[in-house]
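Everything below concerns the one structure shown next.
Heavy atoms only: backbone and side chains are in, while hydrogens, waters and symmetry mates are out. Position 1 is the first residue of the sequence; numbering continues from there. All ligand and atom numbering here is 1-based and tracks the order in the structure.
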Amino acid sequence: MDASAPTTDSRTVLVAYATSEGQTRAVAERIAVVADRRGAETTLVNLDSPHAEMDPASFDAVFVGGSVHGGSHQKSVSEFVGNYRAALRSVPTGFFSVSLSAASDDPEIREKAEEYVERFTADARWSPDRTATVGGALKYSEYGFLKRFVMRKIVSKMGGDADPRRDYEYTDWATVERFAEEVLDLAAVSSVSRTGARE
Ligand SMILES: Cc1cc2nc3c(=O)[nH]c(=O)nc-3n(C[C@H](O)[C@H](O)[C@H](O)COP(=O)(O)O)c2cc1C
């Protein structure tokens with residue numbers, strides 16, 4: 001093996017996320033699995049649960065993710081990015097956004113998913129190295145009356161006809177893994193030139 005080849009051994013990876021119904025946690029966990037597979041030491045943090053203070057600058061790669069509700073991501077996600085904006089600019093980063101729009105067959109609706117990301121990153125004044133819009137889930141069995149009502153409205157507005165007697169998962173796991181690999185590749189590349197500045 002070429003000893004100078006970049007590897008992700010002993011790289012540290014942070015996956016910070018917020019979730020309202022659990023699908024973004026599943027996506028974050030899949031990203032962590034991809035990082036673990038590459039030998040990284042991965043820290044998974046739910047931004048809405050009590051957690052130790054952490055400085056993204058002390059990781060080799062940082063993923064941040066949230067889901068879209070009423071057109072916006074969780075406040076804890078924008079607060080995290082706002083608090084650590086400078087640190088996030090110093091490491092390879094990926095932002096993933098989970099929504100139903102991302103799963104639509106209609107390109108105009110999928111465009112909305114991109115707009116949620118653009119609005120988030122513009123408001124947060126942060127330019128992640130990679131972004132991903134990820135199809136979410138419809139978990140009728142877990143929704144109370146109001147959420148179920150809102151979701152049926154959203155789904156019908158999107159032209160869908162999901163049967164509310166069952167749950168749906170629209171997440172494309174191959175896309176999630178590809179996104180994770182791309183950000184991890186950046187981490188491996190930048191660590192090679194770590195003696196100098198990040199290129
Ligand atoms: C009350 C509610 C509002 C939502 N609003 C939007 C929305 O504005 N746009 C969208 O694309 N998806 C919307 N969704 C779909 C969620 O983004 C999707 O269910 C996602 O999987 C939720 O991720 P989470 O389980 O990590 O919270 C909404 C879902 C709920 C329950």
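- Side chain of D129 to main chain of T93: a donor-acceptor pair is present (N/O by atom type, distance under 3.5 Å, no hydrogens or angles).
- The protein non-hydrogen atom at the shortest distance from atom 5 (N) of ligand 1 is G70 N, 3.0 Å.
- Proximity of a side-chain donor or acceptor of Q23 to a complementary backbone N or O of V98 within less than 3.5 Å is not detected.
- In summary, the atoms of ligand 1 found under 4.0 Å from a heavy atom of T19, numbered by their order in the structure, are 24 (P), 25 (O), 26 (O), 27 (O).
- Within ligand 1, counting atoms from 1 as listed, the ones closer than 4.0 Å to a heavy atom of I154 are 3 (C), 4 (C), 5 (N), 6 (C).
- A donor-acceptor pair under 3.5 Å is absent between the side-chain atoms of Y170 and the main chain of S101, judged by distance alone.
- Nearest protein heavy-atom contact of atom 23 (O) of ligand 1 is S67 CB, 3.1 Å.
- Among all protein heavy atoms, the one lying closest to atom 29 (C) of ligand 1 is M151 SD, 3.1 Å.
- Assignment of Y170 to the shell around ligand 1 is not supported, since no heavy atom sits closer than 4.0 Å.
- For atom 11 (O) of ligand 1, the closest non-hydrogen atom on the protein side is S101 OG, 2.5 Å.
- Y168 contributes a side-chain N or O that, together with a main-chain N or O of D163, makes up a donor-acceptor pair within less than 3.5 Å.
- Between the side chain of R130 and the backbone N or O of G94 there is no donor-acceptor pair closer than 3.5 Å.
- Atom 2 (C) of ligand 1 has its closest protein heavy atom at H69 CD2, 3.5 Å.
- With ligand atoms numbered from 1 in the order given, ligand 1 contributes 23 (O), 24 (P), 26 (O) to contacts under 4.0 Å with heavy atoms of T24.
- Atom numbering of ligand 1 starts at 1 in the shown order; those under 4.0 Å from a heavy atom of Y116 are 7 (C), 8 (O), 9 (N), 10 (C), 11 (O).
- The shell of residues lying under 4.0 angstrom from ligand 1, judged by heavy atoms, excludes L138.
- Here the heavy atom of the protein found nearest to atom 21 (O) of ligand 1 is A137 N, 2.8 Å.
- In the vicinity of G136, heavy-atom distances shorter than 4.0 Å reach the ligand 1 atoms 21 (O).
- Among protein heavy atoms, atom 15 (C) of ligand 1 sits closest to L100 CG, 3.7 Å.
- Note: Y143 and Y140 have perpendicular aromatic rings, judged against thresholds of 30 and 60 degrees for the angle between ring planes.
- When non-hydrogen atoms are compared, ligand 1 lies under 4.0 Å from neither the backbone nor the side chain of K139.
- Atom 6 (C) of ligand 1 has as its closest protein heavy atom V68 O, 3.5 Å.
- Aromatic ring orientation, F95 versus W126: perpendicular (interplanar angle above 60°, classes split at 30° and 60°).
- In this structure a side-chain-to-backbone donor-acceptor pair under 3.5 Å is missing from R110 to A102.
- Remark: the S78 side chain and the H73 side chain contain no N/O donor-acceptor pair separated by less than 3.5 Å.
- For ligand 1, the atoms lying closer than 4.0 Å to a non-hydrogen atom of G71 are 7 (C), 8 (O).
- Within the 3.5 Å criterion, the main-chain N or O of A187 finds no donor-acceptor partner in the side chain of D60.
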